[in-house]
Q: 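Below is the structure I would like to discuss, written out as structure tokens.
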Amino acid sequence: MFDDGVMPERPRADPRDQVDVVAALGRLGTLGGWDRVRAGEALEGLDRVDADLLLAAGILGRDGAGRYTVIDDDLVDVDGASVSHAIVAQLRRALEHTERRSAGWDGAHPATVLSQGRASRPVADYLARELLPRMPGSQAALQSGMSRFLDVGVGVAAIAARLCQIYPGLGCVGIDVLPEVLGLAANELTALGLADRVELRVQSVSELEDEEVFDLAWLPQPFIPRAALEAGVPLVHRALRPNRWVVVPLAVGSASDPFEMAVFAHTAQMLGGGPIRVADAEDLLATAGFDQIISTSWRGQMLVLARRP
């Protein structure tokens with residue numbers, strides 16, 4: 001208590017971080033309300049209650065006809081199901097974290113794994129639409145109809161599956177250290193009719209033995225313990241064909257805001273990879289023999305692209 005009996009004024013929290021707002025986003029995505037908003041359709045009942053909350057939070061707006069509209073740029077190009085999966089994964093991770101005594105992605109909760117994995121589907125569309133034009137060797141290979149993609153930490157294979165849908169003839173290898181997660185991936189691929197195009201392996205990136213067989217690699221640093229990452233980067237280099245690229249999402253944001261940096265670091269510890277500086281990731285890639293190293297960002301997260309000469 002302060003001398004005058006009044007607590008000092010605290011900064012107003014971002015309403016988009018409130019749990020009710022997060023839950024409303026997730027529910028609308030799960031039940032199709034998000035897609036109805038994007039289509040300009042009227043909302044009724046609990047959908048409208050959720051939308052009004054998102055309106056007050058600055059995520060939705062209204063047009064001249066009074067219809068809800070999307071005004072959050074980060075959500076404009078994401079489908080409702082992916083929004084829902086991302087929100088549900090965030091909520092489940094938060095609940096699990098309150099009961100955990102150690103960090104790291106352990107795959108112990110299948111529902112969380114499925115939500116986390118399915119939320120990554122838009123990554124494949126972003127890769128195809130925005131990143132591959134910056135990686136011409138890999139782009140030409142994927143467009144040829146005779147290419148191979150390495151998905152490290154494949155999870156439930158959402159990225160690999162979506163790339164298979166975009167690029168007929170693409171074959172994928174997905175590796176993960178968690179057999180339980182690979183079981184979920186196998187079920188997902190079977191349901192999509194893609195089981196014969198994605199090979200699943202129980203394998204750490206630090207144990208990769210392939211040589212010059214892949215045309216594109218995905219290496220998600222936030223999920224990979226630092227020792228495995230450092231050992232694995234040279235092996236990914238060896239596994240790629242010449243003039244092919246790796247994409248490395250990092251546990252760091254594009255802004256230098258101290259709170260945002262802390263959020264990324266905390267999430268990275270929860271997932272197992274821990275925080276990393278962009279410069280450190282670039283050094284790892286350069287030391288392994290990669291060149292044309294490019295740092296970019298997507299939805300606030302830093303990505304590093306690098307080519308095997």
Q: Quick check on the hydrophobic clustering: are V252 and V246 connected, directly or via other members, by side-chain heavy-atom contacts under 4.5 Å?
A: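 In one cluster: yes.
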Q: For the residue pair A24 and L53, what are the closest heavy atoms and their distance?
A: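 Smallest heavy-atom distance, with atoms named: CB-CD2, 4.2 Å.
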Q: Centre of F290's six-membered ring, under 6.0 Å away, within 45 degrees of the axis: is that where NZ or CZ of R308 sits?
A: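 So R308 doesn't make the cation-pi contact.
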Q: Are I293 and V152 in one and the same hydrophobic cluster, where Ile, Leu, Val, Met, Phe, Trp and Tyr link if side-chain heavy atoms are under 4.5 Å apart?
A: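 I293 clusters together with V152.
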Q: Can you measure from CG (L182) to CG (L200) and round to the nearest 0.5 angstrom?
A: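 The CG atom of L200 is 5.5 Å from CG of L182, to the nearest 0.5 Å.
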Q: Show the nearest heavy-atom pair for residues A124 and I159, with the distance to one decimal.
A: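 Closest approach of A124 to I159: CB-O, 3.8 Å.
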Q: Rounded to the nearest 0.5 Å, how far does CG of L235 lie from OG of S206?
A: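 Taking OG in S206 and CG in L235, the distance rounds to 7.5 Å.
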Q: Rounded to the nearest 0.5 Å, what separates atom CD1 in I59 from atom CD1 in I71?
A: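 One gets 8.5 Å once the value is rounded to the nearest 0.5 Å.
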Q: Are a donor atom and an acceptor atom from the side chains of R307 and S138 found within less than 3.5 Å of each other?
A: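 S138 and R307 do not have a side-chain donor-acceptor pair below 3.5 Å.
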Q: Walk me through whether W298 and V123 qualify under side-chain contact (heavy atoms from CB on, under 4.5 Å).
A: CA-CA 9 Å; W298 180 52; V123 170; 3.6 Å; yes
Q: Identify the two heavy atoms, one from V213 and one from R241, that lie closest to each other, and give their separation to 0.1 Å.
A: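 Where V213 meets R241 most closely, the heavy atoms are O-NH1, 3.2 Å.
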Q: Would you check, one step at a time, whether the test side chain to side chain donor-acceptor pair (under 3.5 Å) holds for T296 with R134?
A: CA-CA 11 Å; T296 185; R134 305 175 70 174; 3.3 Å; yes
Q: Between V154 and I175, is the side-chain contact (heavy atoms from CB on, under 4.5 Å) condition met? List the steps.
A: CA-CA 6 Å; V154 65; I175 65 174; 6.0 Å; no
Q: For residues A128 and I166, report the shortest heavy-atom separation together with the two atoms involved.
A: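 Taking every non-hydrogen atom into account, CB-CD1, 4.1 Å.
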Q: Membership question, hydrophobic clusters at under 4.5 Å side-chain separation (ILVMFWY): are L303 and V236 in the same one?
A: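 Not linked; separate clusters.
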Q: Within a 6.0 Å radius of atom CZ on R48, are there more than 12 heavy atoms belonging to other residues, nucleotides or ligands?
A: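 Not more than 12 within 6.0 Å, no.
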Q: Show, in sequence, the C-alpha distance, side-chain angles and deciding distance for R148 and D210, and conclude whether the salt bridge (charged side-chain N to carboxylate O under 4.0 Å, His left out) test is met.
A: CA-CA 12 Å; R148 284 168 64 81; D210 303 82; 5.1 Å; no
Q: What distance do W218 atom CH2 and F149 atom CZ have between them, rounded to the nearest 0.5 Å?
A: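 Going from CH2 on W218 over to CZ on F149, the span is 7.5 Å.
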Q: For D63 and R67, what are the C-alpha separation, side-chain angles and deciding distance, and is it a salt bridge (charged side-chain N to carboxylate O under 4.0 Å, His left out)?
A: CA-CA 6 Å; D63 63 14; R67 294 171 297 196; 2.9 Å; yes
Q: Go through the steps for V173 and D151 under the test side-chain contact (heavy atoms from CB on, under 4.5 Å), then give the verdict.
A: CA-CA 6 Å; V173 171; D151 191 347; over 6 Å; no
Q: Roughly how far, to the nearest 0.5 Å, is the OH atom of Y167 from the CD atom of Q143?
A: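 OH of Y167 is found 6.0 Å from CD of Q143.
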Q: side-chain contact (heavy atoms from CB on, under 4.5 Å) for V304 and I294? Distances and angles first, verdict last.
A: CA-CA 6 Å; V304 180; I294 303 168; over 6 Å; no
Q: Kindly indicate, with the supporting measurements, whether the criterion salt bridge (charged side-chain N to carboxylate O under 4.0 Å, His left out) is fulfilled by D20 and R27.
A: CA-CA 10 Å; D20 287 347; R27 183 190 168 281; over 6 Å; no
Q: State plainly whether one hydrophobic cluster holds both L150 and L127, where clusters connect Ile, Leu, Val, Met, Phe, Trp and Tyr through side-chain heavy atoms under 4.5 angstrom apart.
A: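 Hydrophobic grouping puts L150 apart from L127.
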Q: Which residues satisfy the side chain to side chain donor-acceptor pair (under 3.5 Å) test with Q292, sequence neighbours excluded?
A: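 Result, side chain to side chain donor-acceptor pair (under 3.5 Å) vs Q292: none returned.
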Q: Quick check: closest heavy atoms across D176 and G153, and the distance to 0.1 Å?
A: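 In terms of heavy atoms, the two residues are closest at OD2-C, 3.5 Å.
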Q: Taking all atoms of both residues into account, what is the closest heavy-atom pair of L192 and A161, and its distance?
A: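 Nearest heavy atoms, L192 then A161: CD1-CB, 3.8 Å.
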Q: Could you measure the distance from the OG1 atom of T287 to the NE2 atom of H237? Nearest 0.5 Å is fine.
A: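 Between T287 OG1 and H237 NE2, I get 11.0 Å after rounding to 0.5 Å.
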